[in-house]
Each structure stands twice: as C-alpha cells, then as structure tokens.
Undergrad: 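Dropping a structure here in structure tokens format, bear with me for questions.
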Amino acid sequence: MVPSIERKRRLWLLIVLIVLSYILIFQWELNESESENTITDVSRLMPTKINSIVNGSEEKGIVEALSKARKENLKVSIAGKRHSQGGHTYYPDGVVLDMTDFNKVLSVDPVHKTVHVQSGATWDDIQKEVNPHGLSVKVMQSQNIFTIGGSLSVNAHGRDIRNGSLIETVNWFRLLKSNGEIITVSRKENAEYFPLVIGGYGLFGVILDVELQLTSDELLTLETEEMDYDEYEDYFKQDVLKDENVKMHLARLSTAPDTFLQDMYVTNYRGSDKQEQYPDFNHLKRDKFTFLTKFLLGLSRDFDWGKNLFWEMQKSFFDKKDGDLETRNNVMRSESEFLEYKGKSDTDI
Ligand SMILES: Cc1cc2nc3c(=O)[nH]c(=O)nc-3n(C[C@H](O)[C@H](O)[C@H](O)COP(=O)(O)OP(=O)(O)OC[C@H]3O[C@@H](n4cnc5c(N)ncnc54)[C@H](O)[C@@H]3O)c2cc1C
C-alpha cells in the first residue's frame with residue numbers, strides 16, 4: 001500500500017515538475033508576430049514600420065529592388081539573420097533587403113584553401129561544404145548561425161586567436177553600390193572600399209559574394225582552468241599568447257550574484273598529437289540537450305539562485321571536458337538553440 005502511494009506521489013511530483021518546466025520555458029515564448037509591414041531584430045525592442053521586405057535568391061532581383069527603391073526615393077537597409085541588436089537592419093518606411101535566401105556556397109577550392117560564397121549563407125552552410133574536404137573557416141564567431149554578410153559587416157572575431165579578425169581572411173568580395181554599380185573589392189582593386197565595407201554595417205553597399213581563406217581542420221585537445229579575474233591578464237599573455245600550440249581560446253566571466261565578475265574559467269584548444277588516429281573528422285556536431293540547457297538558462301534569467309546554479313553547472317560541465325578531443329570545425333559550431341528566446345513581455349540581450 002505504502003509503496004504505491006509513494007509511487008503516485010512521485011508521479012505527481014514529476015508531472016508538476018514537467019508542467020512547471022514547460023511554463024518556464026514556453027509560457028513567455030508566445031512571440032507577437034511581425035505584421036507584414038513591421039519588422040524588428042532578435043532583441044524585438046524596436047519594432048518599426050517599413051515599406052517592404054525583399055527576399056532575393058537571385059542577384060538580378062536584388063539589383064532590381066535597389067534600382068526601384070532608388071527611383072522611389074526610398075531608403076534601403078540590408079538584413080542577414082538580424083542578430084545585431086539595435087535596429088541596424090531596417091529603417092522607418094524603408095526597403096529591407098533580406099539576404100538570407102541569397103545563400104549558395106558557390107565553390108570550394110581545396111588546393112588554395114578558399115571558399116566562394118554568397119553573403120546570405122551562414123557559417124553552418126560553409127562548414128557543411130568544407131568539412132568533407134578536411135577544411136575549416138579561419139575566423140568566425142563562436143556560433144555558426146550568422147550570415148557571412150552580417151559577419152563581414154561587423155568584422156567579427158571568434159575563438160581563433162591566431163588569425164585576427166574576419167577582415168584578415170577575406171581575399172575579395174563583390175559589392176553592389178547604391179548607384180547600382182557592381183564592383184570587385186580586394187586589397188588591390190577598389191582597395192579603399194576594403195576596410196570601409198568590412199566593419200561598415202551595410203553603409204557602403206550590399207556585399208554580394210565573397211572569397212574567404214580557409215585552413216586545415218585539425219584535432220584539438222580541450223584544457224580548462226578556473227581562475228580569479230585578476231589573474232587572467234598575466235595568464236593570457238604568458239600561458240596563452242606565447243604558447244603557439246594554443247590555437248583557440250575562450251574565457252567566461254561569472255554574471256552570477258555570488259561570484260559576479262570575479263570568478264572565471266578558461267578553455268584552451270591545443271593542437272593534439274592524436275591527429276592520425278582520430279576516426280571522427282567527418283562528424284559535425286549538432287545541438288544536444290537543448291531542453292535542459294534552455295530550462296537552466298530560463299531559471300538563470302528569472303532568479304538569482306538560478307544564476308548561481310547555472311554558473312556552477314556550466315563550470316563543472318566544462319571542467320569535465322578537460323582533456324576531451326574535438327575537431328576545429330566542431331569547436332566553431334557551439335550550441336545556439338538554447339539561447340533563442342521570444343518572451344512576450346521581456347527580451348534577452
Ligand atoms: C549569441 C551571439 C553570439 C555572438 N558571438 C559573437 C562572437 O563570438 N564574435 C563576434 O564578433 N560577434 C559575435 N556576435 C555578434 C554578431 O557577430 C553580429 O551580431 C553579426 O552581425 C550577426 O550576423 P547577422 O547575420 O545576424 O547580421 P545582421 O544583424 O542581420 O546584420 C548586421 C549588420 O550587417 C549588415 N549586413 C548584413 N548583410 C549584409 C550584406 N550582405 N551586405 C552588407 N551589409 C550587410 C546589416 O545591415 C547590419 O548593419 C554574437 C551575437 C550573438 C547574438
């Protein structure tokens with residue numbers, strides 16, 4: 001009798017927990033939908049009335065949309081995945097060129113280690129094409145969800161600490177200027193545009209396609225360490241920068257109340273001596289346990305104890321990864337789905 005009651009209690013507890021989790025994760029995710037003529041970015045802080053959105057998968061369509069806007073005297077903005085938060089990708093009563101359908105990986109050159117890609121493609125699109133060739137992107141953000149055009153326009157940086165920021169890895173790109181002219185830009189041709197457009201937030205024209213340098217994919221060993229924030233500067237200079245075998249690096253600083261901006265942990269990605277034996281270069285990892293990580297991140301958004309819990313769990317998770325092996329391509333596609341948040345009455349920056 002008693003065990004059966006106990007079992008029922010546990011079952012009820014489980015059901016209550018599942019319902020609570022569900023409410024926590026999804027209740028605030030009832031996103032107010034964008035109406036046809038209103039647009040926003042992932043922050044959803046500045047919904048703005050626009051004239052129209054143009055999705056172009058063909059160059060001709062993009063050129064025509066720009067020409068039409070010019071004739072009608074309408075302002076034009078350019079949008080990738082709209083993860084730059086602050087309204088960079090739209091303008092009141094303007095035309096938004098949504099580049100996300102202009103997303104072909106046009107060619108991969110394994111000999112010269114380059115990729116030619118349209119600007120609406122994401123890093124994920126590139127990784128899928130170059131991984132079978134044993135190649136890898138030189139510089140990109142930690143996440144692979146962004147468009148190439150959006151990444152070039154902010155001159156992104158990432159975990160690779162040896163190849164600078166994205167601009168260093170660009171050979172050339174084609175630019176559609178506001179007057180309709182298409183030019184090729186490199187360090188030698190129309191060179192003045194090179195540093196203006198890369199990091200130029202779309203102000204100098206539409207990046208159509210680009211050739212990026214690649215490097216070899218390789219096996220890396222993860223090395224994790226905890227430290228106080230004031231030890232970090234010396235640690236980075238001495239133990240990271242000076243050690244050429246550290247190929248990539250990541251440092252996370254606590255935002256949990258108990259250890260706020262004090263506690264941190266670092267991950268170094270070192271070249272491994274097990275390259276030849278590693279059987280799994282073909283495998284590109286995908287997001288895992290999203291429900292759990294999203295749930296924990298949800299708790300950390302809403303409660304201080306949740307922040308402390310999330311930080312401690314994050315730290316111990318990465319601690320356990322000490323010594324793990326991971327390919328460069330997999331290091332450069334870290335989990336992102338759990339970060340997505342569409343709260344009805346709040347946002348997550
Ligand atoms: C979770 C998260 C993690 C991040 N991690 C990093 C990181 O590790 N390193 C880092 O450097 N940054 C990081 N960022 C910032 C990120 O790199 C930028 O927000 C980037 O712009 C996002 O790309 P997007 O495709 O969303 O661009 P969008 O937000 O769509 O556009 C950004 C800018 O580029 C312009 N643009 C877009 N496409 C084109 C085009 N084809 N031609 C010309 N202009 C264009 C837009 O007009 C806009 O001004 C991160 C952001 C988030 C949300």
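Counting starts at 1 for both ligands and their atoms, following the listed order.
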Undergrad: Please identify which atoms of ligand 1 are closer than 4.0 Å to at least one heavy atom of Val206.
TA: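 Counting from 1, the qualifying ligand atoms are 42 (N).
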Undergrad: Mark up the atoms of ligand 1 that fall under 4.0 Å of a heavy atom belonging to Gln143, in ascending order.
TA: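 Counting atoms of ligand 1 from 1, those under 4.0 Å from Gln143 are 3 (C).
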Undergrad: Does the N or O separation between Gly80 and ligand 1 drop below 3.5 Å for any pair?
TA: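 Gly80 vs ligand 1: N/O contact under 3.5 Å present.
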Undergrad: Given His88, His83, Gln141, which one has a non-hydrogen atom that is nearest to atom 16 (C) of ligand 1?
TA: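 Nearest option to atom 16 (C) of ligand 1, by heavy atoms: Gln141.
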Undergrad: Hey, are Asp160 and Lys247 close enough for a salt bridge, meaning a charged N less than 4.0 Å from a carboxylate O?
TA: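 Looking at Lys247 together with Asp160, the answer is no, because their closest N to O distance does not fall below 4.0 Å.
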Undergrad: On a heavy-atom basis, I'd like to know which of Ser153, Ala156, Gly158 is closest to atom 34 (O) of ligand 1.
TA: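 Nearest heavy atom to atom 34 (O) of ligand 1 lies in Ser153.
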Undergrad: For Phe317, which of Gln314, Lys321, Lys315 qualifies under side-chain contact (heavy atoms from CB on, under 4.5 Å)?
TA: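 The single option meeting the side-chain contact (heavy atoms from CB on, under 4.5 Å) with Phe317 is Lys321.
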Undergrad: Excluding sequence neighbours, so at least two apart, what forms side chain to side chain donor-acceptor pair (under 3.5 Å) with Asn245?
TA: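 Once residues adjacent in sequence are excluded, Asn245 has no partner under the side chain to side chain donor-acceptor pair (under 3.5 Å) criterion.
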Undergrad: Could you tell me whether some N/O pair between Gly150 and ligand 1 is separated by less than 3.5 angstrom?
TA: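 Min N/O separation from ligand 1 is below 3.5 Å for Gly150.
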Undergrad: Judging by distance only, is a nitrogen or oxygen of His157 under 3.5 angstrom from one on ligand 1?
TA: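 It does: an N or O of His157 is found under 3.5 Å from an N or O of ligand 1.
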Undergrad: Quick one: does ligand 1 sit under 4.0 Å from the side chain of Val154, the backbone, both or neither, non-hydrogen atoms only?
TA: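 Side chain only.
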Undergrad: Answer with yes or no whether Ser336 contacts ligand 1, where contact means a heavy atom under 4.0 Å from a ligand atom.
TA: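 Ser336: no contact with ligand 1 (<4.0 Å).
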Undergrad: For the residue pair Val170 and Arg187, what are the closest heavy atoms and their distance?
TA: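 Here Val170 and Arg187 meet closest at O-NH1, 2.7 Å.
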Undergrad: Is the shortest heavy-atom distance from the side chain of Asp209 to the side chain of His116 under 4.5 Å?
TA: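 Yes, their side chains come closer than 4.5 Å.
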Undergrad: State the atoms of ligand 1, each with its element, that fall below the 4.0 Å cut-off from a heavy-atom position in Ser119.
TA: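 Checking each atom against Ser119, I get 41 (N).
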Undergrad: Strictly distance-based, threshold 3.5 Å: is any side-chain N or O of Asn268 a donor or acceptor partner for the main-chain N or O of Arg270?
TA: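 It does not hold such a pair.
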Undergrad: Go through the structure and list residues passing side chain to side chain donor-acceptor pair (under 3.5 Å) with Ser142, not counting sequence neighbours.
TA: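 Checked Ser142 against side chain to side chain donor-acceptor pair (under 3.5 Å); matches are Arg159.
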Undergrad: Under 4.0 Å from a heavy atom of Lys81: give me the atoms of ligand 1 that qualify, with their elements.
TA: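 Within the 4.0 Å cut-off of Lys81, ligand 1 contributes 24 (P), 25 (O), 26 (O), 30 (O).
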Undergrad: Could you name the option among Phe146, Phe102, Trp123 that has the heavy atom nearest to atom 22 (C) of ligand 1?
TA: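 Looking at heavy atoms only, Phe146 sits closest to atom 22 (C) of ligand 1.
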Undergrad: Should you measure from each heavy atom of Gly205, which atoms of ligand 1 turn up under 4.0 Å away?
TA: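 Those qualifying, in numeric order: 43 (C).
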Undergrad: Can you pull out the closest protein heavy atom to atom 31 (O) of ligand 1? Residue, atom name and distance to 0.1 Å, please.
TA: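 For this ligand atom, the closest protein heavy atom is Thr89 CG2, 3.6 Å.
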Undergrad: Please state whether the rings of Trp305 and Phe303 are parallel, tilted or perpendicular, taking 30° and 60° as the class boundaries.
TA: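 The rings of Trp305 and Phe303 lie parallel, inter-plane angle below 30°.
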Undergrad: What class does the angle between the rings of Phe236 and His249 fall in, given that below 30° is parallel, 30 to 60° is tilted and above 60° is perpendicular?
TA: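 Ring orientation, 0 to 90° scale: tilted.
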Undergrad: How about Tyr265 and Trp311: are their ring centroids closer than 6.0 Å?
TA: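 Under 6.0 Å, so yes.
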Undergrad: I'd like to check whether Ala79 has a polar contact with ligand 1, where a contact means an N/O of the residue lying under 3.5 Å from an N/O of the ligand.
TA: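 In this structure, Ala79 places no N or O atom under 3.5 Å from an N or O of ligand 1.
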Undergrad: With heavy atoms of Gly202 as the reference, note each atom of ligand 1 found under 4.0 Å away.
TA: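 It comes down to these atoms of ligand 1: 43 (C), 44 (N).
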Undergrad: Using heavy-atom distances, let me know which of Ser84, Gly149, Ser142 sits nearest atom 20 (C) of ligand 1.
TA: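 Looking at heavy atoms only, the winner is Ser84.
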